[in-house]
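I have placed the structure first, in the form of structure tokens, so that the comments after it can refer back to it.
Computation of the quantities below employed the complete heavy-atom set of this structure, encompassing side-chain atoms and omitting hydrogens, waters and symmetry-equivalent molecules.
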Amino acid sequence: MKQSQLRTLIVSGLVLTAMATVAPAHARDKNPGAALGSAKGDRQDQQLTVETKVRTTIEGSPKSAKTGTLTPANSNWDPPACWYEPAYSPKQIEATVKAIRSFKAFSIGDLVGGIFDSYFKEGHPYKNYNLDKQGEGQFWAAAVDEKRKDEPEAQACDRMPFWVPKGDPPEEPLAVSPRVLAEYAYGQIPVPDTEIKMAPKGETKVNLPTWVWLDKAKFKKISVTASLPGTGLSATTTAEPVSLRLDPGSSDAETYPSSGECQIGDDGRIGAPRTKGTPADTDPPCGVRYLRSSTDSPYELGATITWRVTWKSTTEPGGTLPPGEFGATQDVVVREIQSVNR
């Protein structure tokens with residue numbers, strides 16, 4: 001292990017332990033405005049971060065053992081992997097830096113504490129941790145979506161904690177807001193596994209249509225509400241299935257409809273089951289017809305649902321977010337129709 005890597009590990013461990021030792025100080029702080037800060041923090045490249053206090057609730061969660069998250073149909077957009085939220089009172093920042101300084105091994109505590117003191121205490125840009133402003137605002141710090149902490153986008157919030165007076169909107173695009181909460185909720189929506197139903201199931205014949213449909217009881221709209229306790233900020237993001245896109249997994253195939261996009265019907269169903277007695281060559285409202293047998297291996301029939309996504313909050317009008325997609329593949333064996341010679 002390189003010396004620089006070892007030093008980073010040591011510093012990270014010191015700061016994590018220091019954060020834990022600050023927790024009792026939070027409980028003793030009698031200023032109501034100071035109770036919002038989180039004692040569980042982290043250090044990334046000499047930046048103080050905070051464990052998010054954002055909480056989510058789900059409505060309409062699918063009764064499915066398998067769920068996934070939406071992939072934005074617009075590849076140029078993703079939910080935020082990090083943001084800034086109220087985290088530390090002046091007293092909490094002071095206690096945190098003092099706790100870091102208390103670690104003397106390799107002089108790392110003084111080294112990191114000196115960096116933070118220069119920023120929070122010595123006027124670069126704050127003086128004496130802003131203790132004279134206790135109760136008048138908070139230091140906002142970076143928080144990271146735990147599911148995306150290893151992605152490059154999680155490093156976008158690289159500011160040290162910054163002061164925001166009470167009642168003032170932060171001058172920071174990634175500061176938590178109803179819009180940011182709505183976008184965060186987008187990435188938390190548990191959509192059901194896209195398991196289609198087929199007739200015939202699993203094995204079909206060349207030139208005969210395979211009917212495809214979705215269980216309408218399973219694919220319903222799902223809402224996730226993200227809120228930040230103590231701030232009055234919340235937003236609800238709702239995803240609703242609108243269509244199913246089929247990919248036969250072979251160029252020797254045709255889809256129904258020809259576009260491969262099966263729209264949701266007025267009854268909430270996508271596609272329709274093939275009823276008993278339906279002639280084998282009847283065209284389905286949603287399905288596929290293979291023109292060549294699968295000789296060496298089954299075809300992988302791809303089924304991707306597109307979800308329309310909207311959001312709302314009590315403080316902003318809301319609107320739409322990029323449509324989301326979630327899909328899966330299923331094996332389909334296609335055999336030649338055997339003729340009977342007399």
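D247 has its side chain out of reach of T304: every pair of non-hydrogen atoms, C-beta onward, lies at least 4.5 Å apart. In this structure, the side chains of L321 and R179 come closer than 4.5 Å at one or more pairs of heavy atoms.
More than 12 heavy atoms of other residues, nucleotides or ligands sit less than 6.0 Å from atom NZ of K147. Summarising the local packing, CD of E59 is surrounded by 12 or fewer heavy atoms from other residues, nucleotides or ligands at distances under 6.0 Å.
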(message) Checking D193 against T67 for the side chain to side chain contact (heavy atoms under 4.5 Å, CB included) test, could you report, in this order, the C-alpha distance in whole Å, the side-chain angles of both residues, the deciding distance, and whether it holds?
(response) CA-CA 5 Å; D193 187 33; T67 60; over 6 Å; no

(request) Apply salt bridge (charged side-chain N to carboxylate O under 4.0 Å, His left out) to the pair K149 and E146, showing each step before the final yes or no. (result) CA-CA 5 Å; K149 62 183 180 181; E146 184 66 21; 2.8 Å; yes

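A donor-acceptor pair under 3.5 Å is formed between the side chain of S294 and the backbone N or O of V334. Checking side-chain atoms of R159 against main-chain N and O of E172 turns up no donor-acceptor pair under 3.5 Å.
Only one option out of Y84, F116, W140, F120 pairs with P161 in a side chain to side chain contact (heavy atoms under 4.5 Å, CB included); it is F120.
Remark: the E85 side chain and the T52 side chain contain an N/O donor-acceptor pair separated by less than 3.5 Å.
Between E195 and K66 there is no salt bridge, since none of the side-chain N atoms of the basic residue sits less than 4.0 Å from a carboxylate O of the acidic one.
Looking at every heavy atom in both residues, L291 comes nearest to V206 through O-CG1, 3.6 Å.
Between W163 and Y126, the ring center distance fails the sub-6.0 Å criterion.
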